[in-house]
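Protein chains get the first letters and strands the later ones, always in sequence-line order, with residue 1 at the start of each. Just so we're clear, the structure is a prediction, and the values are computed from it rather than from any experiment. Only heavy atoms go into these numbers, but all of them, side chains included; no hydrogens, no water, no symmetry mates.
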Number of protein chains: 2
Amino acid sequence: MLAAARKHLLLDRLARDGRIVAKDVAAELGTSEDTIRRDLRELDAEGLAVRVYGGALPASPAVVDYAARASVAPDSKHRVAATAARLVTPGSTVILDGGTTALAVTAALPRDLDCTVVTHSVTVAAALLEHRAEVIVIGGRLFKHSAVACGAGAAEAALGVSADLFLLGVTGVHAEAGLTTGDADEAAMKRTLASRAADTYVLASEEKIGAASRFAVLPLEGVTGIITDAAAGSAPMRALEAAGAPIVRAS
Amino acid sequence: MLAAARKHLLLDRLARDGRIVAKDVAAELGTSEDTIRRDLRELDAEGLAVRVYGGALPASPAVVDYAARASVAPDSKHRVAATAARLVTPGSTVILDGGTTALAVTAALPRDLDCTVVTHSVTVAAALLEHRAEVIVIGGRLFKHSAVACGAGAAEAALGVSADLFLLGVTGVHAEAGLTTGDADEAAMKRTLASRAADTYVLASEEKIGAASRFAVLPLEGVTGIITDAAAGSAPMRALEAAGAPIVRAS
DNA sequence: CCCATTCTTGCATGTTTATGCTTACTCTGC
DNA sequence: GCAGAGTAAGCATAAACATGCAAGAATGGG
């Protein structure tokens with residue numbers, strides 16, 4: 001049985017029964033309990049389940065739905081998110097963008113970290129419910145595609161914020177086009193958020209490098225760092241380095 | 001049975017019955033009383049319950065309400081939610097409160113209904129991502145216990161809203177105490193939202209009837225209707241009817 | 001097509017955790 | 001203040017756990 005198929009089945013069970021007992025599933029699938037435990041550990045790391053002694057329980061339903069839709073290679077995202085999460089220091093205020101990579105940051109953030117998180121993403125906010133961090137939601141008209149609040153009201157609310165750090169998600173990081181995203185309002189919102197933070201770091205998982213979308217957010221040099229784990233030698237990466245992009249290597 | 005699931009069940013019972021008797025639950029679950037006592041001690045340490053001699057009592061109602069959110073919504077909630085969802089007409093603007101019953105309303109709402117939903121709950125907002133409805137999020141400081149935005153900023157944002165309908169969630173509907181909830185800020189926010197809608201209906205699933213929490217939201221006659229499916233002949237219901245509460249029967 | 005590399009899986013190891021039992025103590029109501 | 005129910009704490013045991021390791025499968029370049 002394929003590992004991916006097994007994980008899907010586990011998520012199905014979780015949705016159907018509301019719980020997973022590692023021993024039972026292992027017996028049913030004819031695999032070892034260790035394998036199931038490993039799977040559950042990974043699903044927990046991805047924020048799709050909550051690991052408990054003996055098995056697993058569902059994560060917050062909204063988060064699961066959203067994250068499952070973006071069924072992409074989680075490794076790259078995960079490494080980038082972990083690196084970004086380490087930038088969040090106790091007591092600091094961080095603006096967290098929307099999107100699946102930002103969602104991965106919430107999973108990588110220690111639950112007992114005392115900090116303030118400002119976000120315009122309802123899924124990010126929901127994912128932080130079980131963290132100690134103080135959460136400030138920026139309201140506005142909800143953009144269904146990316147689950148973030150945008151528009152005039154949101155921008156106005158954002159102007160009241162002053163943060164130490166902004167973790168920015170984009171859809172493209174390109175040597176010439178700079179940092180881009182797929183929607184004009186979102187791009188404007190991201191710019192506004194960037195203006196409210198002392199430092200801005202881009203969450204650039206592998207597939208974003210070399211890509212460009214229609215709407216410019218910021219030029220490459222407009223941010224403090226671009227966190228990525230894309231292979232250093234690849235053509236787009238060399239182009240970015242030649243363009244003077246402040247690359248930060250994820251690990 | 002998973003230990004974590006058992007704790008969820010305990011919280012469920014606490015929300016439903018208002019108390020837990022260690023001996024009874026132990027017998028019912030087929031575990032030792034010690035295990036239940038240990039669980040209750042831990043829930044108490046986490047602030048989710050108050051340990052008393054013989055069992056446990058709910059902590060602040062708001063806290064328990066939130067913690068039980070992962071558990072299965074009883075039929076009563078669904079019936080109330082379905083009735084409430086039918087009040088939402090195409091083209092209208094509805095303010096949807098936070099809480100598990102409001103969440104059930106999102107599930108009962110047709111996905112292709114063209115309307116505008118205003119909410120201060122991030123979980124409600126996330127649940128509406130796949131609906132056609134336009135969603136406006138009211139931002140502010142996130143109140144972790146119930147996943148809603150509260151406070152000065154949220155109230156201010158709410159003042160800019162004008163809606164046809166407000167679906168209000170509370171923790172208690174009592175003949176004398178009126179409509180109540182477990183947190184002062186939340187109560188104020190609910191009042192503000194009620195003032196922005198032409199009609200206000202209360203989502204009063206069975207367990208809310210006859211219950212009272214610490215903070216008053218509105219008097220019984222301050223709302224257009226109280227949607228419930230509690231048995232008509234019960235004592236609390238007769239008291240409510242005698243007090244002139246505008247009961248609407250769910251079906 | 002083959003070999004090297006990587007990934008997955010299951011097993012053995014030592015460690016941690018949950019649970020029920022016992023015992024001695026505490027609380028509550030009479 | 002006394003009886004009985006309820007309780008915390010310690011202890012033993014079995015289950016669940018993380019980790020390292022090795023065998024087999026999958027993958028990719030030559």
Side-chain angles (χ1 to χ4, degrees), chain A residues 1-11 13-14 17-59 71-79 82 107-108 110-112 205-207 229-235 250-251, chain B residues 1-14 17-59:
Chain A
M1 166 160 229
L2 291 172
R6 200 177 48 233
K7 281 199 198 176
H8 265 123
L9 187 140
L10 288 173
L11 285 176
R13 284 301 157 85
L14 218 39
D17 306 336
R19 70 173 169 279
I20 282 177
V21 179
K23 199 173 80 167
D24 298 352
V25 183
E28 183 185 345
L29 297 184
T31 108
S32 80
E33 291 179 39
D34 297 73
T35 301
I36 301 301
R37 273 197 283 268
R38 247 184 288 244
D39 289 341
L40 294 179
R41 231 178 294 163
E42 285 162 22
L43 290 176
D44 178 280
E46 292 166 35
L48 296 172
V50 176
R51 188 82 175 79
V52 299
Y53 196 88
L57 294 174
S71 60
V72 266
D75 280 355
S76 172
K77 249 182 233 290
H78 207 234
R79 272 192 297 274
R111 296 216 167 173
D112 56 355
S205 48
E206 206 169 2
E207 77 276 14
D229 74 332
S234 67
S251 55
Chain B
M1 166 158 231
L2 296 176
R6 197 179 50 233
K7 282 200 201 177
H8 269 127
L9 187 140
L10 288 173
L11 285 175
D12 231 9
R13 285 300 159 86
L14 220 37
D17 306 337
R19 78 184 112 79
I20 282 176
V21 179
K23 199 172 79 167
D24 298 352
V25 183
E28 184 185 346
L29 298 184
T31 100
S32 79
E33 292 180 40
D34 295 75
T35 301
I36 301 301
R37 274 198 284 270
R38 244 184 289 246
D39 288 342
L40 294 179
R41 230 177 297 160
E42 285 162 22
L43 290 176
D44 179 280
E46 292 166 34
L48 296 173
V50 176
R51 187 81 175 81
V52 297
Y53 197 85
L57 294 174

Taken to the nearest whole Å, CD/A:Glu33 to P/C:dC11 is 11 Å
Minimum heavy-atom separation for A:Ala108 to A:Ala82, with atom names? CB-CA, 3.9 Å
A:Arg41 side chain near D:dA18 phosphate (N/O to OP1/OP2, under 4.0 Å): yes
For a quick check of understanding: with a heavy-atom distance under 4.0 Å over all strands, which category does A:Val52 fall into, base, sugar-phosphate or nothing? sugar-phosphate
Provide, to the nearest angstrom, the distance between the CG atom belonging to B:Leu40 and the C1' atom belonging to C:dT19. 15 Å
Atom CD1 of A:Ile36 and atom P of C:dT8 are separated, to the nearest Å, by 15 Å
What integer distance in Å separates B:Arg38:CZ from D:dG10:C1'? 10 Å
OP1 or OP2 of C:dG10 less than 4.0 angstrom from a side-chain nitrogen or oxygen of A:Thr35, does that happen here? yes
Is the closest side-chain heavy-atom distance between A:Lys23 and A:Ile36 below 4.5 Å? no
Any non-hydrogen side-chain atom of B:Leu9 less than 4.5 Å from a side-chain atom of B:Leu29? yes
How many whole angstroms separate atom CG of B:Asp39 from atom C1' of D:dT7? 15 Å
Whole-Å gap separating C1' (D:dG6) and CZ (B:Arg37): 6 Å
Rounded to whole Å, CZ of B:Arg19 lies from P of D:dG6 at a distance of 14 Å
Show each protein N/O and nucleotides 22-30 of chain C N/O combination with a separation under 3.5 Å, one pair to a line.
from   : atom 1 : to      : atom 2 : distance (Å)
C:dC27 : O2     : B:Tyr53 : OH     : 3.3

side-chain contact (heavy atoms from CB on, under 4.5 Å) filter on B:Glu28, not counting sequence neighbours, yields B:Arg13
Worked verdict on A:Leu14 versus A:Leu43 for side-chain contact (heavy atoms from CB on, under 4.5 Å): CA-CA 11 Å; A:Leu14 218 39; A:Leu43 290 176; 5.7 Å; no
Looking at every heavy atom in both B:Ala22 and B:Arg37, which two are closest together, and how far apart are they? CB-CG, 4.4 Å
Nearest heavy-atom neighbours spanning A:Val50 and A:Asp44: CA-OD2, 3.5 Å
Rounded to the nearest angstrom, tell me the gap between atom CG in B:Leu2 and atom C1' in C:dA18. 12 Å
Shortest non-hydrogen pair, A:Leu57 vs B:Leu2, comes out as CD2-CD1, 4.4 Å
Closest heavy-atom pair and its distance - B:Lys7, B:Asp39: CE-OD1, 4.1 Å
Within residues 23-31 of chain B: residues closer than 4.0 Å to DNA chain C (heavy atoms): B:Thr31
